[in-house]
Amino acid sequence: EVQLQASGGGLVQAGGSLRLSCAVSGGSLGVYGIGWFRQAPGKEREAVSCISTSDGRIDYTDSVKGRFTISSDNAKNTVYLQMNSLKPEDTAVYYCAAGRTGVCPGIWYDYWGQGTQVTVSS
């Protein structure tokens with residue numbers, strides 16, 4: 001059974017950086033598409049970024065373009081989200097998800113990990 005574990009969140013000052021990790025177990029990362037999502041209190045869940053690890057297709061929501069970078073390390077079965085120039089509006093619980101159907105940004109997500117809290121202070 002595929003399991004996902006998100007980690008790397010924390011408290012950071014505006015303008016700072018964090019790197020989130022999504023560790024995949026129980027399957028080969030190369031056959032999955034991986035997405036990062038976030039949800040802030042009182043707001044809808046938002047898709048942040050995704051990557052199709054088989055062909056390298058990548059997508060970002062407009063609000064994070066130029067600041068966030070998604071990458072994958074198949075040898076470590078891990079996907080990363082490097083977040084730079086963080087803003088208070090980036091504060092949210094961040095989740096990673098995986099699916100084998102569709103390609104980024106149209107992945108059908110079958111598996112979800114537990115979230116990791118990101119808090120950006122002003």
May I ask you to say whether D62 pairs ionically with K65, meaning some side-chain N is under 4.0 Å from a carboxylate O?
yes
E46: salt bridge (charged side-chain N to carboxylate O under 4.0 Å, His left out) partners, not counting sequence neighbours
R38
Would you say the side-chain atoms of [X] pair up with the backbone N or O of [Y], donor to acceptor, closer than 3.5 Å?
| X | Y | answer |
| --- | --- | --- |
| Y60 | I70 | yes |
| T78 | K76 | yes |
| S52 | V103 | no |
| N77 | G27 | yes |

Rounded to the nearest 0.5 Å, what's the gap from [atom1] on [X] to [atom2] on [Y]? Could you check?
| X | Y | atom1 | atom2 | value |
| --- | --- | --- | --- | --- |
| I58 | T53 | CD1 | OG1 | 10.5 Å |
| Q114 | C96 | CD | SG | 10.0 Å |
| S54 | R100 | OG | CZ | 12.0 Å |
| E89 | S63 | CD | OG | 8.5 Å |
| I34 | C104 | CD1 | SG | 10.5 Å |

Look at the side-chain heavy atoms of Ile, Leu, Val, Met, Phe, Trp and Tyr, link any pair under 4.5 Å apart, and say whether V31 and Y109 land in one connected group.
no
Would V48 end up clustered with V93 when hydrophobic side chains under 4.5 Å apart are linked, directly or stepwise?
no
Pair W112 and F37, ring centroids less than 6.0 Å apart:
yes
Side chains of [X] and [Y]: does their closest heavy-atom pair fall under 4.5 Å?
| X | Y | answer |
| --- | --- | --- |
| T119 | V12 | no |
| V118 | L18 | yes |
| L81 | F68 | yes |
| N84 | L86 | no |
| Y94 | M83 | yes |

How close do [X] and [Y] get, heavy atom to heavy atom, and via which atoms?
| X | Y | value |
| --- | --- | --- |
| G9 | L20 | N-CD2, 3.6 Å |
| S85 | S17 | N-OG, 4.3 Å |
| W36 | S21 | CH2-O, 3.6 Å |
| Y95 | G113 | CD2-O, 3.6 Å |
| L29 | V24 | CD1-CG2, 3.8 Å |
| I107 | C50 | CD1-CB, 4.3 Å |

Counting only heavy atoms from other residues, nucleotides and ligands, does the tally under 6.0 Å from CD of Q117 exceed 12?
yes
Atom CZ of R57: over 12 foreign heavy atoms under 6.0 Å
no
Hey, which of T69, D73, I51 is the one that makes side chain to side chain contact (heavy atoms under 4.5 Å, CB included) with Y80?
D73
